[in-house]
Amino acid sequence: MTEVVKLLSQLVKVCGEAKASSSVAQGSAVKFKADVDEELLNKLKHKQLVDLYEELAGWEPHPQLASYHISFLKNYLALLVHFQQHRTSKVSEKINKSLFNWIRNQKTYLKWYHQGVSEEKNGKFHIDDRYVRYLKKLGVQVSLNVEGEGED
């Protein structure tokens with residue numbers, strides 16, 4: 001009987017932690033919406049790109065990815081504006097070093113995801129692969145050779 005009580009106690013604790021994490025994630029998403037770069041958002045003119053961003057911004061992120069989600073939203077918005085201007089998701093380091101580095105990191109996560117090693121390398125997409133679809137919608141991809149090296 002004591003074991004059952006211990007297990008129930010642990011379950012209640014885990015549920016409480018999950019609820020708290022969810023509240024943090026929701027609070028972060030709300031905070032981000034207030035901190036959206038309105039100037040950048042106003043540069044988006046194509047309805048499809050605006051809709052894509054609003055769809056992404058409307059997600060409830062996985063509790064473990066709350067801060068990643070906020071960063072993803074910010075950088076994805078910059079990528080959408082770049083895509084609208086240049087019709088490509090390829091960003092030159094000379095044009096926007098920060099966005100260039102962010103895309104390089106996303107490609108690393110994509111590579112790990114496709115190789116099935118995302119979890120062991122502490123990637124993001126094994127937790128929530130919706131980010132993969134949004135990157136692919138703008139043509140962000142990696143090519144995997146036999147050794148798993150090289151990016152597109």
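What you are looking at is a predicted structure, and each value in this text was computed from that prediction instead of being measured.
A distance of 10.5 Å separates OH of Tyr134 from CG of Leu80, quoted to the nearest 0.5 Å. Rounding to the nearest 0.5 Å gives a distance of 9.5 Å between OG of Ser118 and CG of Leu110. Distance CD/Gln48 to CG/Asp51: 8.0 Å, rounded to 0.5 Å.
Distance alone, capped at 3.5 Å, places no donor-acceptor pair between the Asp129 side chain and the Phe125 backbone. A donor-acceptor pair under 3.5 Å links the side-chain atoms of Thr108 to the main chain of Arg104, judged by distance alone.
A single hydrophobic cluster is seen to contain both Leu52 and Val50, as judged by linkage of ILVMFWY side chains at heavy-atom distances under 4.5 Å, directly or through other members. Note on Leu135 and Val117: same hydrophobic cluster, where clusters join Ile, Leu, Val, Met, Phe, Trp and Tyr whose side-chain heavy atoms are under 4.5 Å apart, directly or indirectly. No continuous path of hydrophobic side-chain contacts links Leu44 to Ile95 [ILVMFWY only; heavy atoms under 4.5 Å].
Partners of Glu55 by salt bridge (charged side-chain N to carboxylate O under 4.0 Å, His left out), not counting sequence neighbours, listed by chain and number: Lys137.
Here the options are His126, Lys124, Arg130, the test is side-chain hydrogen bond (donor to acceptor under 3.5 Å, both in side chains), and the partner is Asp128; only Arg130 passes. Checked options Tyr109, Trp59, Tyr113; the residue passing with Tyr131 is Trp59 (criterion: ring pair (Phe, Tyr, Trp, His ring centres under 6.0 Å)).
For the residue pair Tyr53 and Leu73, the shortest heavy atom distance occurs at CE1-O, 3.6 Å.
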Using atom types as modelled, flag every donor-acceptor pair under 3.5 Å from a side chain in residues 81-89 to any protein atom, sequence neighbours excluded.
residue	atom	partner	partner atom	Å
His82	NE2	Lys90	O	3.0
Gln84	OE1	Lys45	N	2.7
Gln84	OE1	His46	N	3.1
Gln84	NE2	Lys43	O	2.6
Arg87	NH2	His46	NE2	3.4
Thr88	OG1	Lys90	N	3.1
Ser89	OG	Leu138	O	3.1

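Between Tyr68 and Phe72, the angle of the ring planes lies from 30° to 60°, which puts this pair in the tilted group.
For the pair Lys107 and Val140, the minimum side-chain heavy-atom distance is below 4.5 Å.
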